[in-house]
Amino acid sequence: MITKEASPAAPARSAAEPPSRPARKKHRAWDEVPRWHIYLPLGIYLLFTLVPFYWILLFALRPAGSTSLVPWPMTTAHFEKVWTDRAFGTFFQNSVLVGVATLITTTLVALAGGYALARFDFRVKRVFMLALLCSQFVPGALLLVPLFEIFAGLQMINSLGSVIIAETVFQLPLSMILISNFIKNVPYSLEEAAWVDGCSRMRAFRVVVLPLLRPGLIAVGSFAFVHSWNHFLFALMFLNNQEKQTIPVGLNTLMSADSVDLGALAAGGIIAAVPVVIVFAFIQKWLITGFSAGAVKG
């Protein structure tokens, strides 16, 4: 007679072992917070942010003397006034020239200096880095007197070149720090592999490293452009001729001690803000990536 073998018995559960419990769903702090606790502060923030922009559009688009809270009927008279009568077309061209030139010079010089700080060791490197950091605590107003004396000796007063040089000098410390930290995140082995393949240091940097620095370069260049576009102090001190002035100085001419043309001032403010908004709309992805990567050491 054939007998069926008994199946092995399951191991007995230890008395000390607690019984298994069904897994509980983890609750995050986000799930426990009511939605209105989040949306209400965001709504208040947007209200305080967007209302001033709407107010500027209201004064710029509604007719002079109107007290309506809706810009209707709309008019472009204020834009035509500031663009032609107040020479904002010339101010706009000067601002574009200063901004683009500052962007190029700041990026090129900061790229060279940042590479030296990231890849080379020299005796005064720490002292130099400390000096760059300390220079960020110096307000631009303290640079006016020495820069004015230098530009007067070089006969560069009332020249756009003086503003470009001043803006570049003011932007270089932070730009060099950002680019040097961004270069540190690029593996040094990539350059070494290019050298083994026969590339010189310059060619290896141009072919291997430079394409990886695109977000950082865009971040540094855009920061330099926006700062030079909005900076008022250097243009006011170094430019005396109206044909050489930039948009921030042009906006200041719309205000007098006796009266202020609110419609023209609002139209000029929109003309000054639109190019910066357009630039940031196109480069915001690279800007955030560049600043986040250059802010920490890899």
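Everything numeric here is computed off the predicted structure, so don't read it as measured data.
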Roughly how far, to the nearest 0.5 Å, is the NZ atom of Lys244 from the OG1 atom of Thr90?
10.5 Å
Quick one: list whatever passes ring pair (Phe, Tyr, Trp, His ring centres under 6.0 Å) with Phe92, sequence neighbours left out.
Trp83, Trp229
Could you work out the complete set of other residues in the hydrophobic cluster of Leu154, with links drawn between I, L, V, M, F, W and Y side chains under 4.5 Å apart?
Leu97, Val98, Leu143, Leu144, Leu147, Phe148, Ile150, Phe151, Met156, Ile157, Leu160, Val163, Ile164, Ile165, Val169, Phe170, Leu233, Phe234, Met237, Phe238, Leu239
Flag, side chain of Asn158 to backbone of Asn240, donor-acceptor distance under 3.5 Å
yes
Is the closest side-chain heavy-atom distance between Leu142 and Pro139 below 4.5 Å?
yes
Taking all non-hydrogen atoms of both residues, which atom of His231 and which atom of Pro248 are closest, and how far apart?
O-CG, 3.6 Å
What do you reckon, is CH2 of Trp195 surrounded by more than 12 foreign heavy atoms closer than 6.0 Å?
yes
Ile271 side chain reached by Phe91 side chain, heavy atoms, under 4.5 Å:
no
A quick test of your reading: do over 12 heavy atoms of other residues, nucleotides or ligands sit less than 6.0 Å from CZ of Phe53?
no
May I ask you to check whether over 12 heavy atoms, not counting those of Phe48, lie within 6.0 Å of atom CZ?
no
Smallest heavy-atom separation, Ile247 atom then Ala272 atom, equals CG2-CB, 3.4 Å
Cation-pi geometry met for Arg62 and Phe59 (6.0 Å, 45°)
yes
For residues Cys134 and Pro173, determine if any side-chain heavy atom of one lies less than 4.5 Å from a side-chain heavy atom of the other.
no
Closest non-hydrogen contact found for Gly99 with Ser228 is CA-OG, 3.3 Å
What distance do Asp85 atom CG and Glu80 atom CD have between them, rounded to the nearest 0.5 Å?
9.5 Å
Distance in Å, Ile177 CD1 paired with Leu172 CG, rounded so as to fall on 0.5 Å steps
11.0 Å
Restricting to non-hydrogen atoms, name the atom on Ala264 and the atom on Val82 that form the minimum distance, rounded to 0.1 Å.
O-CG1, 3.3 Å
Over 12 foreign heavy atoms within 6.0 Å of CZ, Phe120
yes
Specify the closest pair of heavy atoms between Val209 and Glu191, including all atoms of both residues, with the distance to one decimal.
CG2-CG, 3.4 Å
Return the minimal non-hydrogen interatomic distance between Pro52 and Leu47, and the atom names on each side.
CD-O, 4.4 Å
How about Glu243: does its CD atom have over 12 heavy atoms from other parts shown lying under 6.0 Å from it?
no
Do Thr168 and Thr105 have side-chain N/O donor and acceptor atoms under 3.5 Å apart?
yes
Residues that Ile183 engages under side-chain contact (heavy atoms from CB on, under 4.5 Å), provided they are two or more places apart:
Tyr115, Ala118, Arg119, Ile179, Leu213
Evaluate the side-chain proximity of Ile270 to Phe79: yes if any heavy-atom separation is below 4.5 Å, no if none is.
yes
Does atom CZ (Arg203) have a neighbourhood of more than 12 heavy atoms from anything else shown, all under 6.0 Å?
no
Non-hydrogen side-chain atoms of Arg126 and Met129 separated by less than 4.5 Å:
no
